[in-house]
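What you are looking at is a predicted structure, and each value in this text was computed from that prediction instead of being measured. So you know, we letter chains A, B, ... as the sequences are listed, proteins then strands, and number each from 1.
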Amino acid sequence: MISKTYNPKEIEDKWYQYWTDNKYFSSKPNPDKEPYCIVIPPPNVTGVLHMGHMLNNTIQDVLTRKARMEGKEACWVPGTDHASIATEAKVVAMLKEKGINKKELSREEFIKYCWEWTEKYGGIILNQLRKLGASCDWDRTRFTMEPNLYDAVIEVFVDLYNKEKIYRGYRMVNWDPQAKTTVSDEEVIMKDIQQKLVYIRYDGDEGSVTIATVRPETIMADAAICVNPADERYQHLIGKKVRIPLINREISIIADEYVTMDFGTGCLKVTPAHDQNDYALGEKHGLTIIDILADDGTLNEKAQILVGEDRFVARKKIIKMLEESGNLVKAEDYKSTVGTSERTGAVIEPKLSLQWFLKMKEISEPALQNVMNDTIQLIPPKFKNTYNYWMENVRDWCISRQLWWGHRIPAYYLPDGTCIVAINKQEALKIARNKYQLFALSEQDLTQDEDVLDTWFSSWLWPMSVFDAFKNPDNEDIKYYYPTNDLVTAPEILFFWVARMIIAGYEYQGKYPFKNVYLTGIVRDKQGRKMSKSLGNSPDPLELIEKYGADSVRTGMLFSSPAGNDLLYDEKLIEQGRNFNNKIWNAFRLIEGWEVSATENQSQSSAKAIEWFKSKLNKVVAETLEHYSKFRMSDALMSTYNLIWDDFCSQYLEMIKPAYVDGNSLPIDKYTFDATLEIFDTLMRLAHPWMPFLTEEIWQNIKTRGANESICIAEFPKVGHVNEEILSDFEILSEIISTVRNTRNAKQISPKEALPLAIKTSNKARYEGLAGLISKLANISGIQYVQDKTEGVSFVIKGDEFTLDLGGNIDIETEKANLQKDLDYTLGFKKSVESKLANERFVQNAKPDIIEKERQKLADAEAKIKALEEALAKLG
RNA sequence: GGGAGUUUAGCUCAGCUGGUUCAGAGCAUCUGCCUUACAAGCAGAGGGCCGGGGGUUCGAAUCCCUCAACUCCCACCA
């Protein structure tokens with residue numbers, strides 16, 4: 001006896017093992033098959049699965065499994081990303097706990113720790129994906145820091161350098177004082193914060209000025225005071241000098257139109273070292289750059305005062321000091337935006353430093369065009385706008401990071417500072433010798449750049465590097481799988497990653513890396529808040545899988561998540577998923593429990609039911625494929641959900657269910673039984689991409705399967721013949737049944753009590769075909785075809801009149817009122833259709849098929865009115 | 001400050017190029033049922049002037065204008 005409720009725990013590990021043992025997810029180039037390929041957005045190697053991963057990877061798995069069942073050579077490439085900043089931060093923290101300071105370690109020692117850490121935690125997230133049922137080709141698992149991928153990054157750097165796309169320069173960059181590295185513009189998150197706008201008076205011999213600033217701790221780095229040349233208030237001071245309070249250094253007052261007259265006091269303190277605009281202003285006016293901040297965000301000796309204090313502490317203290325010195329004019333509340341690091345949350349410090357950049361404008365041209373012309377499709381397309389904006393205003397990409405964990409920049413410096421870029425030291429030395437004729441030079445004389453590359457500078461090669469496109473350019477894999485088909489990822493990394501992969505794809509393969517980009521939404525909680533650790537509103541995906549089963553979580557997450565829309569997560573969704581799983585499980589239990597008779601003849605009703613369901617199934621398969629083709633995942637799932645729950649369980653199974661006599665089920669005829677199993681088989685294949693475990697378990701039990709058979713590689717249902725006539729007949733059937741059931745409900749008559757039904761129709765044949773089913777599903781004791789209305793409750797469907805004999809249990813007035821209500825509505829309806837048809841402009845302008853539809857409506861309404869009127873007349 | 005998007009039942013969303021069997025789905029709610037697959041269930045029901053206003057049209061949730069609210073992206077007014 002199978003369990004009454006579906007128990008996923010018992011089967012999930014078993015089937016996953018079976019699938020991997022049989023290598024169903026392995027893929028090799030196969031010229032006879034069409035490739036279907038997805039590369040996973042590589043999660044952080046030391047990360048753990050969160051709800052966003054669940055959503056995103058479930059979608060990838062659904063797409064991959066469906067493609068595989070459709071006979072394509074499906075290949076889903078898994079892997080992880082080394083995540084420089086995040087991993088390095090974790091390792092530093094771990095070392096700190098052990099009492100080790102990163103600074104005390106050599107680069108090699110530190111990297112060794114990183115590798116240890118990676119090996120310890122690196123497998124976790126991939127194993128979690130297995131729990132979810134992800135059908136990745138695990139033999140192809142890649143890591144952005146593994147040797148081949150490492151080399152690819154270095155090669156690309158050298159290549160771009162040689163093409164003069166990469167340069168080194170001083171720039172104002174975003175400095176993260178916590179991670180002590182630069183971060184790219186995209187990694188800076190602007191946040192609104194409440195600050196104090198401090199007004200400070202600078203005195204001079206010829207007058208004084210008051211400036212407003214939110215960063216009083218930087219006054220020691222001031223290079224000038226700037227006013228608008230048109231500002232009459234300050235005309236007399238331009239060119240004069242004032243002294244910086246507290247340190248009494250003299251600075252000039254300069255004029256520039258950049259300054260807004262009506263903001264603050266109209267006087268701007270210019271601090272070229274600590275502000276983007278001030279830097280530009282400083283360059284223009286030839287000002288001195290005084291950098292008073294150390295790498296960790298404390299004030300350095302150039303500040304002269306408050307040396308060693310953290311910038312925020314210094315800010316508070318200096319206000320106090322200014323107050324005491326009498327230079328503080330006032331301080332008011334002010335809200336402004338400040339950049340914070342995406343990785344550490346620290347407030348970003350604009351900092352002037354020497355960094356490596358990639359010129360973006362030219363290289364990104366094809367990536368812009370081919371998204372705009374839909375060669376690459378963004379789903380949903382609304383993201384094209386933001387993509388376009390970003391790409392058109394793209395700025396050079398700062399690719400160096402002051403970290404150790406990552407791909408070390410292959411730039412080597414000669415003792416005189418000359419920079420040579422080459423794939424390794426030996427090559428660099430060769431260049432030094434050949435190009436500069438420095439034959440005496442040895443490897444020891446070359447110093448490699450200390451910095452590593454931005455993590456995205458490795459992941460932008462991902463769709464190519466996972467197939468070794470750089471190491472081995474003409475290999476079978478890259479030729480077969482590239483370009484890949486779909487990419488499923490979060491909109492947040494559209495520019496970080498997606499756009500850059502497209503750029504790299506065109507640069508190195510001359511072709512887009514993927515055809516479609518499906519952008520998922522953000523998983524939020526019920527109240528619409530982002531899932532976050534600090535809020536504690538993010539459930540642990542593995543606990544959910546443990547509690548409900550992977551299939552429940554998968555379906556639950558996809559019930560309501562259109563592309564690009566955020567998913568408001570509620571555990572109820574997962575429950576709904578579980579209920580669906582259980583429903584299927586029980587349908588199987590029912591069928592499984594039937595006794596089969598080889599001698600019993602098939603009833604006409606069962607034959608009809610099978611015919612109907614097959615048409616219905618084909619219709620839904622067509623719909624589902626349509627949804628898939630448009631990446632409407634929720635809709636595709638819902639089609640299957642409704643087909644199985646409503647059409648199959650609630651209707652079909654009730655139609656063919658063997659009767660009970662004296663508490664015992666009669667056997668079911670073999671033909672119907674076999675047909676039902678076949679249908680069930682198809683349904684499981686249709687549902688498999690959503691619920692791989694449950695469907696495999698059932699599919700394996702429907703009949704005896706061979707040793708290497710699996711639903712994973714069974715055929716996805718194809719669209720077959722749809723008999724529209726039978727579908728419409730069954731719609732009438734279901735209307736009859738629900739009306740009868742309704743009537744019982746209203747009259748409080750038990751469903752167990754069989755009632756006689758009279759039908760007055762001109763199409764007796766139609767109902768004779770349905771009679772058995774009507775009787776069975778509406779519990780009708782006998783059907784009688786009549787010429788005149790008989791005693792009982794009547795209703796009209798498609799111009800035919802049905803009367804349910806309730807044995808006198810009727811209230812004439814109520815019946816009359818009900819019929820009258822229906823009649824009134826239909827008359828009104830008829831009138832509106834008539835007036836429409838009478839409208840010449842309508843008849844002239846509307847399309848013929850629309851008019852034909854209207855005529856049909858009119859005819860139907862007239863038939864209905866006739867029947868209703870007759871029924872009413874009978875009641876007196 | 002600039003740009004884009006959204007606004008349809010209590011919630012989450014479908015409704016393509018305008019045609020009143022298009023006002024839908026799932027969930028939630030309500031009513032009645034432990035009917036021998038499933039109470040994680042069965043059978044039913046209610047619920048929306050499609051954000052407001054104006055316009056185009058024979059006809060608008062669907063096109064245009066305008067207002068309002070919300071969201072996102074971009075942006076250095078100290």
Between [N] atom [atom2] and [X] atom [atom1], what is the distance in whole Å?
X	N	atom1	atom2	result
A:M638	B:rG24	CE	P	18 Å
A:E626	B:rG15	CD	P	12 Å
A:L197	B:rC77	CG	P	14 Å
A:L558	B:rG26	CG	P	18 Å
A:I591	B:rA37	CD1	P	12 Å
A:F559	B:rU12	CZ	C1'	13 Å
A:E392	B:rA4	CD	P	13 Å
A:L837	B:rU20	CG	P	13 Å

Among [options], the nucleotide that comes nearest once only the side chain of [X] is considered:
X	options	result
A:Y389	B:rC74, B:rA37, B:rA43	B:rC74
A:I850	B:rC38, B:rG5, B:rG19	B:rG19
A:N745	B:rC13, B:rG44, B:rG15	B:rG44
A:R395	B:rG26, B:rC38, B:rA75	B:rA75
A:L268	B:rA75, B:rA78, B:rG26	B:rA78
A:R741	B:rG5, B:rG44, B:rA40	B:rG44
A:W645	B:rU12, B:rG26, B:rG41	B:rG41
A:F842	B:rC58, B:rA75, B:rA37	B:rC58
A:N277	B:rG26, B:rC76, B:rC58	B:rC76
A:S560	B:rG41, B:rA40, B:rU12	B:rU12

Would you mind classifying the nucleic acid contact of [X] as base, sugar-phosphate or nothing, using non-hydrogen atoms under 4.0 angstrom?
X	value
A:V259	base
A:W594	nothing
A:S650	sugar-phosphate
A:N385	sugar-phosphate
A:S738	sugar-phosphate
A:N742	sugar-phosphate
A:T260	base
A:Q856	nothing
A:D275	nothing

If we ignore hydrogens and angles and just use 3.5 Å, is the side chain of [X] paired with the main-chain N or O of [Y] as donor and acceptor?
X	Y	value
A:S650	A:D647	no
A:N327	A:L322	no
A:D570	A:K526	no

Just checking A:Y628 against A:W690, ring centres under 6.0 Å apart?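 Judged by ring-centre distance (under 6.0 Å), A:Y628 and A:W690 do meet the cut-off.
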Under 3.5 Å for both donor-acceptor distances, Watson-Crick or wobble: does [N] have a partner, and if so which one?
N	answer
B:rU29	B:rA45
B:rA9	none
B:rC22	none
B:rA61	none
B:rA4	B:rU71
B:rU36	none

According to a strict under-4.0 Å criterion, is [X] in side-chain N/O contact with OP1 or OP2 of [N]?
X	N	result
A:Y641	B:rC27	yes
A:K657	B:rA37	yes
A:K526	B:rU12	no
A:N393	B:rC74	no
A:Y387	B:rC74	no
A:Y334	B:rA78	yes
A:R744	B:rU35	no
A:R841	B:rC58	yes

Using atom [atom1] of each nucleotide, how far apart are [N] and [M] to the nearest Å?
N	M	atom1	result
B:rC16	B:rC73	C1'	27 Å
B:rC13	B:rU6	C1'	12 Å
B:rU20	B:rC58	C1'	14 Å
B:rU7	B:rU12	P	12 Å
B:rC63	B:rG15	C1'	16 Å
B:rC67	B:rA28	P	41 Å

Does the base of [N] carry an N or O that pairs as donor and acceptor with the side chain of [X] under 3.5 Å?
X	N	result
A:Y258	B:rC76	yes
A:K583	B:rC38	yes
A:Q576	B:rA28	no
A:T386	B:rC73	no

Do [X] and [Y] have side-chain atoms, one donor and one acceptor, less than 3.5 Å apart?
X	Y	value
A:S552	A:K547	no
A:N581	A:R578	no
A:N579	A:E575	no

Just say parallel, tilted or perpendicular for the rings of A:W645 and A:F580, cut-offs at 30° and 60°.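 Because their plane-to-plane angle is under 30°, the rings of A:W645 and A:F580 count as parallel.
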Parallel, tilted or perpendicular for A:F588 and A:F680, by the 30°/60° rule?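 Rings of A:F588 and A:F680: tilted, 30 to 60°.
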Taking side chain as C-beta onward, heavy atoms only, is A:R632 less than 4.5 Å from A:E626?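 They are not in side-chain contact.
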Nearest-nucleotide wise, let me know which of A:K853 and A:K4 is further upstream toward the 5' end of RNA chain B.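 Here A:K853 is the residue nearer the 5' end.
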Take A:N642 and A:W390, find for each the nucleotide of RNA chain B with the closest heavy atom, and name the residue whose nucleotide sits nearer the 5' end.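 In this pair, the answer is A:N642.
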